[in-house]
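Comments concern the structure below.
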Amino acid sequence: MLRYLELPLPFDLATRSVHLRPAKILHDLPSYCYDLHTRIGRSVIQSLIHGAQGADPLKYFFARHKVCDRATALGMALFYSEGGQLRNEIFFAEVLDLEQRIMAQKFGLNISEWDDLRAHVNEALEAGIVDRLRREELELRGLQMQLLFGSNEIAMKGTSS
């Protein structure tokens, strides 16, 4: 890839430094691992959509806007807020703008509505709501494992990895 470093491009190349949220470790994994593609993450996303304690702005957003595939829309907004960030990443403003417009359109939103959704997600992340729900869901799954297997040791092994 380094041989392409000097290749002239038809648009401006820039780097940006974004604030990276430190990940909380939940059951030996960074909290952002419990995302749209995991059972825990999908459960948390549903809780956020339905206005879990402290997530009323997200609930009201989904009540006001007709969003195609609400869970995936919220999952992608979470990804862009916590998982899709790199320190000193190279970016192309036009491509980034196009990417966000495509995401908005994919879920039946205009760019302003998509930006609002992402802002609500950022607020929930900053307030610790998302990680609190992840932790609660992991604890609930641990209790379910205890009931299923009847052993503290098995339940703990099942939820810590």
Side-chain angles (χ1 to χ4, degrees), residues 16-91 96 99-161:
R16 67 176 178 177
S17 183
V18 295
H19 166 70
L20 299 177
R21 265 183 211 91
K24 294 215 174 26
I25 302 300
L26 301 175
H27 290 267
D28 299 329
L29 291 173
S31 59
Y32 56 78
C33 290
Y34 302 103
D35 64 4
L36 176 64
H37 306 290
T38 67
R39 195 172 289 157
I40 303 292
R42 287 190 304 268
S43 179
V44 167
I45 286 169
Q46 288 302 320
S47 295
L48 291 167
I49 289 170
H50 296 293
Q53 182 182 7
D56 288 334
L58 285 165
K59 176 184 176 180
Y60 299 141
F61 177 88
F62 286 108
R64 282 192 318 273
H65 302 286
K66 184 176 181 189
V67 180
C68 303
D69 195 358
R70 298 181 310 171
T72 303
L74 184 53
M76 290 306 295
L78 267 169
F79 170 75
Y80 283 114
S81 292
E82 66 178 352
Q85 304 286 328
L86 298 172
R87 187 180 322 278
N88 297 324
E89 72 178 319
I90 295 173
F91 80 103
L96 182 62
E99 178 184 46
Q100 294 306 306
R101 289 179 184 280
I102 289 170
M103 278 293 126
Q105 192 278 330
K106 176 179 179 176
F107 301 116
L109 301 170
N110 63 45
I111 191 66
S112 175
E113 294 165 339
W114 174 248
D115 288 344
D116 287 347
L117 174 59
R118 292 182 58 208
H120 293 313
V121 165
N122 279 323
E123 290 166 7
L125 284 165
E126 289 295 327
I129 295 166
V130 177
D131 283 338
R132 176 181 51 82
L133 292 171
R134 287 169 172 155
R135 191 173 36 260
E136 289 171 2
E137 186 65 25
L138 283 162
E139 288 169 3
L140 176 65
R141 301 278 175 176
L143 290 174
Q144 289 172 342
M145 295 274 297
Q146 281 180 333
L147 291 173
L148 183 63
F149 294 108
S151 168
N152 247 350
E153 185 178 321
I154 293 173
M156 294 310 290
K157 285 181 182 177
T159 60
S160 66
S161 59

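In what follows, residues are counted from 1 in the order of the sequence shown.
Between the side chain of Arg70 and the backbone N or O of Phe62, no donor-acceptor pair lies under 3.5 Å. The backbone N or O of Leu138 sits nowhere less than 3.5 Å from a side-chain atom of Tyr34 that would complete a donor-acceptor pair.
If you take NE2 on His65 and CG on Leu109, they are separated by 7.5 Å, rounding to the nearest 0.5 Å. How far NE2 of His27 is from CD of Glu139: 6.5 Å, rounded to the nearest 0.5 Å. The distance from the OG atom of Ser47 to the CZ atom of Arg42 is 13.0 Å, given to the nearest 0.5 Å. Rounding to the nearest 0.5 Å gives a distance of 12.0 Å between OG of Ser81 and NE2 of His120. Rounding to the nearest 0.5 angstrom, the gap separating the OG1 atom in Thr72 from the CE atom in Met103 is 10.0 Å. Expressed to the nearest 0.5 Å, how far CD of Gln100 lies from CZ of Arg118 amounts to 4.0 Å.
Looking at Val130 and Val121, their side chains never come closer than 4.5 Å, going by heavy atoms from C-beta outward. Contact check for Arg141 versus Ser43: side-chain heavy atoms found under the 4.5 Å cut-off. You'll find the side chain of Leu78 stays beyond 4.5 Å of the side chain of Leu36, heavy atoms only. Side-chain contact check for Phe107 versus Leu117: every heavy-atom pair is 4.5 Å or farther apart.
Counting non-hydrogen atoms of other residues, nucleotides and ligands closer than 6.0 Å to OH of Tyr32 gives a total of 12 or fewer. In the displayed structure, Arg39 atom CZ is contacted under 6.0 Å by at most 12 heavy atoms of other residues, nucleotides or ligands.
When all heavy atoms of Ala55 and Leu48 are compared, the pair lying nearest together is CB-CD2, 3.8 Å. Between Ser31 and Leu26, the shortest heavy-atom contact is CB-CD1, 3.8 Å. Taking all atoms of both residues into account, the shortest heavy-atom contact from Lys106 to Cys68 is O-CB, 4.2 Å. Nearest approach of Arg101 to Ile111, heavy atoms of both residues: NH1-CG2, 3.6 Å. Gly54 and Ile129 get closest at one heavy-atom pair: O-CD1, 3.0 Å.
When the side-chain hydrogen bond (donor to acceptor under 3.5 Å, both in side chains) test is applied to Gln105, no partner is found at least two apart in sequence or on another chain.
With respect to the salt-bridge test (charged N to carboxylate O, under 4.0 angstrom), the residues Lys59 and Asp56 do not qualify.
Exactly one residue among Val67, Val44, Leu74, Leu58 makes a side-chain contact (heavy atoms from CB on, under 4.5 Å) with Ile49. That residue is Leu74.
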